[in-house]
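Please read the structure below before turning to the comments.
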There are 2 protein chains.
Amino acid sequence: MSVFFSRSCEYGIQAVLYLASREPESPIHLRDISNALRIPHHFLSKIMQTLERDGVVISHKGANGGFELGRDAKEISIINIVRAIDGEAFLNGCVLGFPSCDDTAPCPVHTLWKKSKENISVMLEKSSVGELSAELGGKLEFIKSLYSHNNPTKEINV
Amino acid sequence: MSVFFSRSCEYGIQAVLYLASREPESPIHLRDISNALRIPHHFLSKIMQTLERDGVVISHKGANGGFELGRDAKEISIINIVRAIDGEAFLNGCVLGFPSCDDTAPCPVHTLWKKSKENISVMLEKSSVGELSAELGGKLEFIKSLYSHNNPTKEINV
DNA sequence: ATAAATTTAGACTTTATTGTCTAAATCAAT
DNA sequence: ATTGATTTAGACAATAAAGTCTAAATTTAT
Ligand code: FES
Ligand code: FES
């Protein structure tokens, strides 16, 4: 697991970024996504269904089916994916695990955390997956480099 | 679970802050800590043992035993507790779950995250539990307010 | 010495997360 | 209509995290 998110959520974010990076060639097969990102196929399937219900992606069943973004890539932020999968709670809790995070009964790191939280909110809300994938030249080439040294035998399909 | 840490780690941080807030009346019984902070007794026991091995706290067995800080409260930072319990990895991973976080193959949020990470490091490294508990007037009175509305029947022993 | 209080140890249970498997439903192409 | 490719559904397994329980070891006080 990463810093903030569940595995499911990480996979969801990765998958949506992958879709954004390959537009407009849609829809894209689940198999392609799971191969490229090294995500267990059926596990990702569940996650994509969650994102489908939330409108982040659209699915097409049957032959030549697959997934595409549910709306313009400029209109999807990371936070939308997080909300769909991990829910609302993740930035509302106390860092130290006390039962509430609240200005009226602040824990010792509350004020410091509040500032960091704003930065993180910007990171997750203000930039769209369109912008994020564009920054990478729309190719997600970096994925190849990330996985290639781990598993050189298995073909990487980015 | 909170934003970053495992439950164990949260409990550990809370317990150490509690010890710091009650100095110099030491040692303090595990039972006192677990009652005050609503932490399962034997679960906290394991966590305190981990902190003991790491030198963050010192334990005294037998009657009139208990726990005290392993060194001056000014010399203990949150990050020391995190390292002892959750390990080193937690700020090194990629936020989006890609296999490495690295300037040479950055994920789309890497540069934004890097800035936030610095703030968080400051929060966890630069302020000691001495300073943190002092800010609260050394009493952790806030704990009482946090828990009182949840469980009004059970006695709170802060 | 004995008893009482406390930490330590470790087996065990419960719950949540992650991952796997098989089958059904749906759709496009022939 | 039939076939094949794909998503959907849901049962199941494996693993990890969180919590519970009982007993042993250690220390202080009597
Ligand atoms: S109360 Fe702890 S972070 Fe706000
Ligand atoms: S590579 Fe993703 S946060 Fe650094």
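Naming: A, B, ... by sequence-line order, numbering from 1 per chain.
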Give the rounded distance in Å between these two atoms: [atom1] of [X] and [atom2] of [N].
{"X": "A:Lys46", "N": "C:dT22", "atom1": "NZ", "atom2": "C1'", "value": "11 Å"}
{"X": "B:Ile47", "N": "D:dA18", "atom1": "CD1", "atom2": "C1'", "value": "9 Å"}
{"X": "B:Asp86", "N": "D:dA16", "atom1": "CG", "atom2": "P", "value": "15 Å"}
{"X": "A:His29", "N": "D:dT7", "atom1": "NE2", "atom2": "P", "value": "6 Å"}
{"X": "B:Glu10", "N": "D:dG19", "atom1": "CD", "atom2": "C1'", "value": "15 Å"}
{"X": "B:Lys61", "N": "D:dA23", "atom1": "NZ", "atom2": "C1'", "value": "15 Å"}
{"X": "B:Tyr11", "N": "D:dA18", "atom1": "OH", "atom2": "C1'", "value": "8 Å"}
{"X": "B:Asn64", "N": "C:dA3", "atom1": "CG", "atom2": "C1'", "value": "14 Å"}

Worksheet, complete the sentence: Side-chain contact check for B:Arg7: nearest option of C:dT18, D:dT7, D:dA18 is D:dA18
Worksheet entry | B:Ala63 vs A:His60, nearer the 5' end of DNA chain D by closest nucleotide | A:His60
Fill in: 5' priority, DNA chain D, between A:Arg53 and A:Gly65 [closest heavy atom]
A:Gly65
Worksheet item: Between A:Gly62 and A:Cys9, which has a closest nucleotide on DNA chain C that is more 5'?
Response: A:Cys9
Worksheet item: Think A:Gln49 has a side-chain N or O under 4.0 angstrom from the OP1 or OP2 of D:dT7?
Response: no
Worksheet item: So, is B:Ser8 near the phosphate of D:dA17, with a side-chain N or O under 4.0 Å from OP1 or OP2?
Response: no
Worksheet item: Between atom CZ of A:Phe5 and atom CD1 of A:Ile85, what is the distance when rounded to the nearest 0.5 Å?
Response: 10.0 Å
Discussion item. Once you apply a heavy-atom cut-off of 4.0 Å, does B:Ser45 come out as touching a base, just sugar-phosphate, or nothing?
Written reply: base
Worksheet item: Can you name the nearest heavy-atom pair linking A:Leu96 to B:Gln14, along with the distance?
Response: O-NE2, 2.8 Å
Practice prompt. Could you tell me whether the side chains of A:Asp102 and A:Thr104 share a donor-acceptor contact shorter than 3.5 Å?
Written response: yes
Worksheet item: Going by atom types only, do A:Ser45 and A:Gln49 share a side-chain donor-acceptor pair under 3.5 Å?
Response: yes
Worksheet entry | Main-chain N/O of A:Glu75 paired with A:Arg71 side-chain donor or acceptor, under 3.5 Å | yes
